[in-house]
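Everything below concerns the one structure shown next.
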Amino acid sequence: MPFPRVYRRSSERGDRKQIKKPSVSIFFSLSLPPQARPACKERFPAGSAPVIHRTRRGGAENPSPRDTALSFPHRHELVSFLAGSATARPFPRPTPVRQRQRAAMLRGCTAGPPGPLRRALPAAAPAVRLRLRECVVRIPEAGAVLDILEKCPESQRKGEFPVVVFEGLDATGKTTVTQSVKDALGAVLLRSPPACISQWRTIFDEEPTPIRRAFYAAGNYILASEIAKASTQAPVIVDRYWHSTAAYTIATETDGNIQNLPPDHDAVYKWPEDLLKPDLVLLLTVSPEERARRLEGRGLERTKEEAELEANSLFRQRIEESYRRMVNPACQEVDASPSKEEVFKTVLQLIKKHCAL
Ligand SMILES: Nc1ncnc2c1ncn2[C@@H]1O[C@H](COP(=O)(O)OP(=O)(O)OP(=O)(O)O)[C@@H](O)[C@H]1O
Ligand SMILES: Nc1ccn([C@@H]2O[C@H](COP(=O)(O)O)[C@@H](O)[C@H]2O)c(=O)n1
């Protein structure tokens, strides 16, 4: 979906001859408080129409019937209005050129299974950006995530220190063991989604799967640049990364038992080619009963997904099975049912065996 363009005045664009008829004109009332004069241009990066034309009362040249007198006490009201206006009017049909660009972008992605799963799991950075751009009008925070993503260097090379990722269902002990390993190795501990975007999680967690997963996928690319930097200084321990995004997406987009998952070796289990790879991925597993005990003991409020995980054993099985089917890098399974000390010992041995430490 193209971006809306926001102009303070039509003349702001420089070349007045090229200005197209606005799709929406916003006629600001004089009662508009200063804080409501929004930094629209920052929020809506340049792209294609619809054009949103803002003028002051009486200042509009040839005001059209669509001009609207509005008073926005808060920026978010304006954003919602813009979102409503933009979505109420159909965007221009994609021209053959745009269709070709879009097709080329999709070809650039690792092929996934057709249908909703392919749509739900953006498998390369361009697809992640495209997905976030598509919802930037409705969810301004998507623009903020994009801004951070844009600042990450394109090529992310790992440093000379090992990078170890911990994966697993909630309450399998990732936080506990990653903290111990970090202390033992003098490592840097990172988690996904990274801190710089995690304040927006609750917003994206309420969104449909493709948008929600685009947020987490963007988090992985942002995290990759943090990993690249940190791994030049010390070993890096990561709490969740791409495999979480993929496994949860696959499990959400399929139903029933594990027979309904995409078959082994399907492209959906592959690591994205443009995402920094870790040296080792450890998948912590515990029995459902032990997991339930740990969840109970932790006593935290559950998210919608955690509640679903608890209630739906098939969902849990699909997640774990998807983790097991991941390749290059594959997950190395660790039985995390023993005591914290024992799990820590096992994990440390595995890291020392697989990584140059
Ligand atoms: N080996 C273990 N034996 C018994 N209890 C454990 C063990 N490891 C962790 N716990 C306890 O289980 C609970 C969940 O652990 P933790 O928070 O480390 O899981 P997590 O995988 O990081 O969860 P989430 O993904 O939801 O953040 C905590 O209360 C923790 O103290
Ligand atoms: N790389 C990631 C990380 C997380 N998720 C999603 O978040 C949920 C778990 O987060 P915790 O903070 O509880 O560990 C998980 O259910 C995933 O939906 C993700 O998709 N990708």
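When a ligand or atom number is given, it counts from 1 through the structure's own listing order.
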For this session: Can you figure out which of Phe204, Tyr216, Trp242, Phe215 has its heavy atom closest to atom 6 (C) of ligand 2?
Result: Tyr216
For this session: Look at atom 6 (C) of ligand 1 and find which of Glu342, Lys340, Glu167 reaches it with the closest heavy atom.
Result: Lys340
Problem set entry | Taking atom 19 (O) of ligand 1 as the reference point, the nearest protein heavy atom with its distance | Gly173 N, 3.2 Å
Seminar exercise, completed: So the atoms of ligand 1 within less than 4.0 Å of a heavy atom of Ser339 turn out to be 1 (N)
Exercise. Looking at ligand 1, does any of its N/O atoms fall within less than 3.5 Å of an N/O of Gly297?
Worked result: no
Exercise. Which residue and non-hydrogen atom of the protein lie closest to atom 18 (O) of ligand 1, and at what distance in Å?
Worked result: Thr176 OG1, 2.6 Å
Exercise. Which heavy atom in Leu276 sits nearest to a heavy atom in Ala224, and how many Å separate them?
Worked result: CD1-O, 3.8 Å
Exercise. Looking only at distance, does Tyr241 have an N or O less than 3.5 Å from an N or O of ligand 2?
Worked result: yes
Exercise. Side chain or backbone of Lys174 under 4.0 Å from ligand 2, or both, or neither, by non-hydrogen atoms?
Worked result: neither
Exercise. Considering residues, nucleotides and ligands other than Glu150, do more than 12 of their heavy atoms fall under 6.0 Å from its CD?
Worked result: yes
For this session: Quick one: pull up CD1 in Ile139 and CD in Glu206 and give me the separation to the nearest 0.5 Å.
Result: 11.0 Å
Exercise. Against heavy atoms of Pro338, which atoms of ligand 1 measure under 4.0 Å?
Worked result: 1 (N), 2 (C), 3 (N)
Exercise. So, Arg138 and Glu207, do they make that salt bridge, N to O below 4.0 Å?
Worked result: yes
For this session: Report the residue from Lys182, Arg191, Glu167, Gln179 that forms a side chain to side chain contact (heavy atoms under 4.5 Å, CB included) with Asp239.
Result: Arg191
Exercise. Which of these passes salt bridge (Lys or Arg N to Asp or Glu O under 4.0 Å) with Asp170: Arg298, Arg240, Arg294?
Worked result: Arg240
Seminar exercise, completed: In this structure, CG of Asp255 is separated from CG of Leu314 (nearest 0.5 Å) by 9.5 Å
For this session: State the atoms of ligand 2, each with its element, that fall below the 4.0 Å cut-off from a heavy-atom position in Arg201.
Result: 7 (O), 8 (C), 9 (C), 10 (O), 11 (P), 12 (O)
For this session: Please report which non-hydrogen protein atom sits nearest to atom 15 (C) of ligand 2, along with the residue it belongs to and the distance in Å to one decimal place.
Result: Glu305 OE1, 3.2 Å
Exercise. With only distance considered, is Ser337 within less than 3.5 Å of ligand 1 through an N or O on each side?
Worked result: no
Exercise. Can you tell me if Asp274 uses its side chain to pair, donor with acceptor, with the backbone of Ala125 under 3.5 Å?
Worked result: yes
For this session: May I ask you to decide whether Glu321 forms a salt bridge with Arg325, counting only side-chain N to carboxylate O separations under 4.0 Å?
Result: yes
Exercise. Who's the nearest protein heavy-atom neighbour of atom 14 (C) of ligand 1, and how far?
Worked result: Ala171 CA, 3.7 Å
For this session: Have a look at ligand 2 and work out which part of Asp239, if any, has a heavy atom under 4.0 Å from it: side chain, backbone, both or neither.
Result: neither
For this session: If you have a sec, work out which protein heavy atom is nearest atom 25 (O) of ligand 1 and how many Å separate them, to one decimal?
Result: Lys174 NZ, 2.8 Å
Exercise. Which of parallel (below 30°), tilted (30 to 60°) and perpendicular (above 60°) describes Trp271 and Trp242?
Worked result: perpendicular
Problem set entry | Closest approach of any protein heavy atom to atom 22 (O) of ligand 1, naming residue and atom | Thr175 OG1, 2.4 Å
Seminar exercise, completed: Quick note on ligand 1: atoms under 4.0 Å from a heavy atom of Arg240 include exactly 25 (O)
For this session: Run down the list Ala171, Gly168, Ser192 and name the one with the heavy atom closest to atom 2 (C) of ligand 2.
Result: Ser192
For this session: Could you tell me the separation between the OG atom of Ser231 and the CD atom of Gln156, rounded to the nearest 0.5 Å?
Result: 10.5 Å
Exercise. Between Asp239 and ligand 1, does any nitrogen or oxygen pair lie at a separation below 3.5 Å?
Worked result: no
For this session: Can you measure from OG1 (Thr245) to CG (Asn220) and round to the nearest 0.5 angstrom?
Result: 4.0 Å
Exercise. Can Glu342 and Lys345 be counted as an ion pair, charged N to O under 4.0 angstrom?
Worked result: no
For this session: May I ask you to check whether Thr245 has an N/O atom sitting below 3.5 Å from an N/O atom of ligand 2?
Result: yes
Exercise. What is the closest protein heavy atom to atom 3 (N) of ligand 1, and at what distance does it sit?
Worked result: Arg294 NH2, 3.2 Å
Problem set entry | Element-labelled atoms of ligand 2 that are located less than 4.0 Å from some non-hydrogen atom of Arg212 | 18 (O)
Exercise. Looking only at non-hydrogen atoms, which of Gln179, Arg293, Arg298 approaches atom 17 (O) of ligand 1 most closely?
Worked result: Arg298
For this session: Before giving the answer on side chain to side chain donor-acceptor pair (under 3.5 Å), spell out for Glu320 and Thr285 the whole-Å C-alpha distance, their side-chain angles and the decisive distance to 0.1 Å.
Result: CA-CA 8 Å; Glu320 282 197 339; Thr285 56; 5.3 Å; no
Exercise. Roughly how far, to the nearest 0.5 Å, is the CG atom of Leu223 from the OH atom of Tyr241?
Worked result: 5.5 Å
For this session: Answer yes or no for Arg191: is there a heavy-atom contact with ligand 2 below 4.0 Å?
Result: no
Problem set entry | Closest protein heavy atom to atom 14 (O) of ligand 2, given as residue, atom name and distance to 0.1 Å | Arg240 NE, 2.6 Å
Problem set entry | Those atoms of ligand 2 less than 4.0 Å from some heavy atom in Asp170 | 13 (O)
For this session: May I ask you to check whether Glu290 has an N/O atom sitting below 3.5 Å from an N/O atom of ligand 1?
Result: no
